[in-house]
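Down below is the structure, laid out as structure tokens.
Order of listing sets the numbers, starting from 1, for every ligand and every atom in it. What you see below is based on every heavy atom in this structure, not just the backbone, and it leaves out hydrogens, waters and symmetry mates.
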Amino acid sequence: MNPELFQADLEAKPAALTELAAWLEKERPPLPESVRRVVFLGMGSSRYAAGVAALRLRARGFDAYAEYGSAAATFPAGPETLVVPISATGGSRETLDALARYAGGPSPVVALTNVPGSAITEGADQVVPMLAGEERGGVACRTFQHTLVHLLAMESDLTGAGRDLPALVRLAAEATSDLLDRRDEWLPRALELLEGPHGVYAVAPAERLSSAEQSALMVREGPRRPADACESGDWSHVDVYLTKTLSYRALLFPGSAYDAQAMDWITQRGSTVLTVGGHVEGERGSVRYRHDQDPDVALLTETLVAELVAAHWWRAA
Ligand SMILES: O=P(O)(O)OC[C@H]1O[C@](O)(CO)[C@@H](O)[C@@H]1O
């Protein structure tokens, strides 16, 4: 892994998204018919993206689950159960093991990967290319963003609902460029607020939990600092306890009905909150960007703040 190349990978996000938007305009092979259940399989950031996709599908009445590839048992195979193994590298052992339980069975398998011909494509009935380009830094960042886009496309193919995806991806590209172009304005303050002896705590609503999970992963994976993720409502049942004993520094993605509840404790305990894409009372700082009022754009874009923070700390280490 390499911090300079990771930074370059982040800077290449808008171009990769623009290419993805053009690809989405073309006709895609149809998903198998009569799907009633979707089982996503993956690890790390691939599973984070799947968790949000599954929640969205459940909200539309589909049985949908994001399973750890490493889980010893998952849903039994069946013709109405679509299995979607997700692996950017196409080679995570756990995801391949989970896939092996379905390959050649009655379930249709649609694999999502950034590496054509990788192990995960063997045994798949269909392969969706992530089209994120090579991540030379060795850290999944563009692939995470592209995975979310492909899962939104799958949601729209399965449910017939959803929005104009190429247009959404272009908005995310603009939002991403805006954050990159203006980083000198916001990054120094973000670094100052998140710098502390006890790490970074990322907090997001269930519908965008992947943003908190991916943010925490970036802080661990690059600069190897402690970081964790928490759901905004759950925060009052879980992370609240840490505010009493730690120098608690949160990266909060607003949008939950329970933001104010969390902020009440945070303010009482004098903890530090940096918001991304919106404001909450009691925040110490905020990073705003183009189109951030659109929750789908936020889902696709907002991890870039933690990624650039992580890249800075990693390069300085
Ligand atoms: O999507 P893949 O390639 O299976 O990787 C899963 C996870 O493993 C990692 O590569 C780290 O080992 C993460 O970057 C990623 O989130």
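Of the candidates M43, E94, M218, the one placing a heavy atom closest to atom 6 (C) of ligand 1 is M43.
Checked by distance only, ligand 1 and S45 come closer than 3.5 Å through their nitrogen or oxygen atoms. Residue A88 has at least one nitrogen or oxygen atom sitting less than 3.5 Å from a nitrogen or oxygen atom of ligand 1, judged on distance alone.
Per-atom contact check: atom 8 (O) of ligand 1 does not touch the protein, criterion being a heavy-atom distance below 4.0 Å. For atom 16 (O) of ligand 1, a protein heavy-atom neighbour is found at a distance under 4.0 Å. Inside a 4.0 Å radius of atom 4 (O) of ligand 1 there is at least one protein heavy atom.
No side-chain donor-acceptor contact under 3.5 Å links R269 and Y248.
When each atom of ligand 1 is checked for a heavy atom of G44 under 4.0 Å away, the hits are 16 (O). Ligand-side atoms of ligand 1 in range of S92: 2 (P), 3 (O), 4 (O), 5 (O), 6 (C), range being under 4.0 angstrom from any heavy atom. Counting atoms of ligand 1 from 1 in the listed order, those under 4.0 Å from a heavy atom of A140 are 14 (O).
Atom OH of Y258 has 12 or fewer neighbouring heavy atoms from other residues, nucleotides or ligands inside a 6.0 Å radius. The neighbour count for R183 CZ, taken as heavy atoms of other residues, nucleotides or ligands under 6.0 Å away, is above 12. Around the CD atom of E94, the shell of radius 6.0 Å holds more than 12 heavy atoms that belong to other residues, nucleotides or ligands.
Looking only at side-chain heavy atoms (C-beta outward), L179 and V287 come within less than 4.5 Å of each other.
Judged by a 6.0 Å distance limit and a 45° cone about the ring axis, R47 is not positioned over the six-membered ring of F40.
Ionic pairing of K13 and E307 is present here: one or more N-O contacts between side-chain nitrogen and carboxylate oxygen are shorter than 4.0 angstrom.
Ligand 1 has E221 within reach: a non-hydrogen atom of the residue lies less than 4.0 Å from it.
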